[in-house]
Amino acid sequence: MAKVLTSRKENYAQWYNDLVIKADLAENSAVRGCMVIKPYGYAIWEKMQAVLDKMFKDTGHSNAYFPIFIPKSFLSREADHVEGFAKECAVVTHYRLKNSENGKGIEVDDTARLEEELVVRPTSETIIWNTYKNWIQSYRDLPLLINQWANVVRWEMRTRLFLRTTEFLWQEGHTAHSTKEEAMEETLKILGIYSEFARNWMAMPVEIGTKTENERFAGAVETYSIEALMQDGKALQSGTSHFLGQNFAKAFDVTFLNKEGKLEHVWATSWGVSTRLMGALIMAHSDDRGLVLPPKLAPLQVVIVPIYKKPEQLGLIGEKVDIIMKKLVDSGISVKYDDRDTQKPGWKFADYELKGVPVRLALGPRDVENNTVEVARRDTLRKEVYPMEGIEKTVKNLLGDIQDNIYKNALDFKERNTFLVDTYEEFRHITETKGGFILAHWDGTKETEEKINQETKSTIRCIPHNHSGEAGRCMVTGKPSPRRVIFAKAY
RNA sequence: CGGGGUGUGGCGCAGUUGGCAGCGCGCGUCGUUCGGGACGACGAGGUCGGAAGUUCGAGUCUUCUCACCCCGACCA
């Protein structure tokens, strides 16, 4: 078989890049740092969107859309917020071009300078809270539960397809509440949704937890995240949910009259997942032959490949395939019959493996004669011949098995690569050799966190919610620690 | 913004001492093939990233410039 991908062992980063390109998910564009998401990649993103969108709506949220441009002055209203984002903002200064003096090309018209420059949104808190001010007067207007699907721009130094690009797609939820408790409840509810989405749809186990002050969103009181472990032992922050307290309400003077007729600032949350989830999905399951997709998010769940020598044989196969297709479609399975005669079966097998299609059916003259189908699953690469009779049940069960199996594999991997560590020496050894999640005690200070980061390149991914809070002593300073936190090298 | 690297057909690359721009893949036509990336024959496709210079002659030498990739610091 012709080798298309760099193997993971050889060079993990290269494997990822190769895979994204070769599986036709995305490519680099003419604009540095910005990607073109290709139809196959976008189809996966659309599936993710559809599921998440429903989850948000089922919990009472509505979609809306706010401008891509933010007046520069808005950004500076919340001090921490502007400090966090100032270094990576694209700024619009002019609104017109003109023909160059020398007749060649086109240039910025200096006479068309904007009075107030516009920032291309790196996130939308400021424009949204400026708007919410007019929407909220009374406790009766609350809670306000809004989400938007949008693109944002963060001018990054170094980019990688899906994992970090200058422009990316995401959803950002922005909610307003009358009490602190309710806002906090919302923040954690969304964290739960993200975790459930990762678990049940992406087949990706995640750690949920609280971010340290260092890693907190600029302008938030508390940031929570879901953290996934990639096959190279590095962590990927896959979603964040922020409790914003009254920071933005105060900055944008968003107040409401409570039941007692008293004026109060509202309580806020914001939360988001981005096309980075695509990167997580790719790295969580895929192998050296290509993408492995969970059936629940695969744009195409089943592909049927005919094997034949003569046109008459193709005709006979086609008749059987029509029957199978109908049964599968009736069972809610997405299926494609690839009867192109421009590619050979072997080529198609390899190509659909590269693209991660969960199940492949092959039908040849032999199958027509015996009333059978060859069924191949992408996750284990195993092939078996099944009777045509009841094929829809066979396939449906198999899709379920695959979804479960890749989750189980990812979970096993995470467990095998999660280490309980008590000494700094051992900590350094593991970060240098294996990577993975390391549960260790930390004294809670920024100084120690930074020292560990400097010396080992590891960061505290989160203070986990799902591990016991047994107390101990900081592995670096020996000071008391109330609970273990999760360290890892991160994307 | 530092360090390293690369720009030659759609993609991946070779191009020696400066002397007719090549190879593999892909693409097109025809034929044989088709149960794990088939094979043969013929064919199409290039102002060698850009500008200036040296030279009888530049893909190759000089200077400038632009772009992209990789590794770091910053980040979802």
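Computed from a predicted structure; not experimentally measured. Chain identifiers are assigned alphabetically (A, B, ...) following the order of the sequence lines, protein sequences preceding nucleic acid strands; residue numbering begins at 1 within each chain.
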Completion exercise
Here RNA chain B, pairs taken as Watson-Crick or G-U under 3.5 Å and shown with ( ), [ ] when crossing and | when to another strand, reads (((((((..((((.....[..)))).((((((.....)))))).....(((((..]....))))))))))))....
Practice task
State, yes or no, whether a side-chain contact exists between A:V357 and A:R378 at a heavy-atom distance under 4.5 Å.
Solution key: no
Separation of [N] [atom2] from [X] [atom1] (nearest whole Å):
X: A:K87; N: B:C74; atom1: NZ; atom2: P; value: 8 Å
X: A:E88; N: B:A76; atom1: CD; atom2: P; value: 7 Å
X: A:D351; N: B:G37; atom1: CG; atom2: P; value: 14 Å
X: A:E215; N: B:C74; atom1: CD; atom2: C1'; value: 12 Å
X: A:E27; N: B:C11; atom1: CD; atom2: C1'; value: 12 Å
X: A:E156; N: B:C74; atom1: CD; atom2: P; value: 12 Å
X: A:N453; N: B:C74; atom1: CG; atom2: C1'; value: 12 Å

Problem - Closest-nucleotide ordering on RNA chain B, the 5'-leading residue of A:W170 and A:L363 - result: A:L363
Completion exercise
On RNA chain B, more 5' by nearest nucleotide between A:K348 and A:T240 is A:K348
Exercise for the section: Enter the distance from A:I128:CD1 to A:I146:CD1 here, rounded to the nearest 0.5 Å. Expected result: 8.5 Å
Problem - Residue list, side-chain hydrogen bond (donor to acceptor under 3.5 Å, both in side chains) with A:D367, at least two apart or on another chain - result: A:T372
Practice task
List in chain and number order the residues that pass side-chain hydrogen bond (donor to acceptor under 3.5 Å, both in side chains) with A:Y194, two or more places apart in sequence or in another chain; answer none if no residue qualifies.
Solution key: A:Q171
What's the gap between [N] and [M] when it is taken at their [atom1] atoms, as a whole Å value?
N: B:G50; M: B:U60; atom1: P; answer: 10 Å
N: B:C70; M: B:A58; atom1: C1'; answer: 30 Å
N: B:A21; M: B:U47; atom1: C1'; answer: 13 Å
N: B:C39; M: B:G45; atom1: P; answer: 25 Å
N: B:U29; M: B:U63; atom1: C1'; answer: 49 Å

Exercise for the section: For the pair A:W129 and A:Y132, name the ring-plane relationship: parallel under 30°, tilted 30 to 60°, perpendicular over 60°. Expected result: perpendicular
Problem - Geometric class of the A:F252/A:F248 ring pair [parallel <30°, tilted 30-60°, perpendicular >60°] - result: parallel
Problem - side-chain hydrogen bond (donor to acceptor under 3.5 Å, both in side chains) partners of residues 28-38 of chain A, not counting sequence neighbours, each pair once - result: A:D24-A:K38
Handout entry: ring-ring contact (aromatic ring centres under 6.0 Å, His included) partners of residues 271-323 of chain A, not counting sequence neighbours, each pair once
Key = A:F56-A:W271, A:H61-A:W271
Using a heavy-atom cut-off of under 4.0 Å over every strand shown, decide if [X] touches base, sugar-phosphate, or nothing.
X: A:T165; answer: base
X: A:L236; answer: nothing
X: A:F217; answer: nothing

Can you check nucleotides 40-44 of chain B for protein contacts, nitrogen or oxygen pairs under 3.5 Å, and list what you find?
none

Among all residues two or more places apart in sequence or in another chain, which pass the ring pair (Phe, Tyr, Trp, His ring centres under 6.0 Å) test with [X]?
X: A:H174; value: none
X: A:Y337; value: none
X: A:H467; value: none

Exercise for the section: Just compare B:G36, B:G35, B:G37 and give me whichever is closest to any side-chain atom of A:E374. Expected result: B:G35
Exercise for the section: Assert yes or no for the condition that the ring centre distance of A:F74 to A:F69 is strictly below 6.0 Å. Expected result: no
Practice task
Taking only Lys NZ, Arg NE, NH1 and NH2, and the carboxylate oxygens of Asp or Glu, determine whether A:K414 and A:E207 approach each other closer than 4.0 Å.
Solution key: yes
Practice task
Determine which pairs satisfy salt bridge (Lys or Arg N to Asp or Glu O under 4.0 Å) with at least one residue from residues 220-230 of chain A, sequence neighbours left out, and list them in order.
Solution key: A:K211-A:E227, A:R216-A:E222, A:E227-A:R461
Handout entry: Side-chain-base donor-acceptor pair under 3.5 Å for A:R360 and B:G36
Key = yes
Practice task
Assess whether atom NE2 of A:H429 is packed by more than 12 heavy atoms of other residues, nucleotides or ligands within 6.0 Å.
Solution key: no
Distances under 3.5 Å only, N/O to N/O: pair up the protein atoms with those of nucleotides 26-34 of chain B.
residue, atom, partner, partner atom, Å
B:C34, O2', A:Y308, O, 3.1
B:C34, N4, A:K309, O, 3.0

Nucleotide N/O to protein N/O under 3.5 Å, stretch nucleotides 67-73 of chain B:
residue, atom, partner, partner atom, Å
B:C68, OP2, A:R32, NH2, 3.3
B:C71, OP2, A:R158, NH1, 2.9
B:C71, OP2, A:R158, NH2, 2.4
B:A73, OP1, A:K457, NZ, 2.8

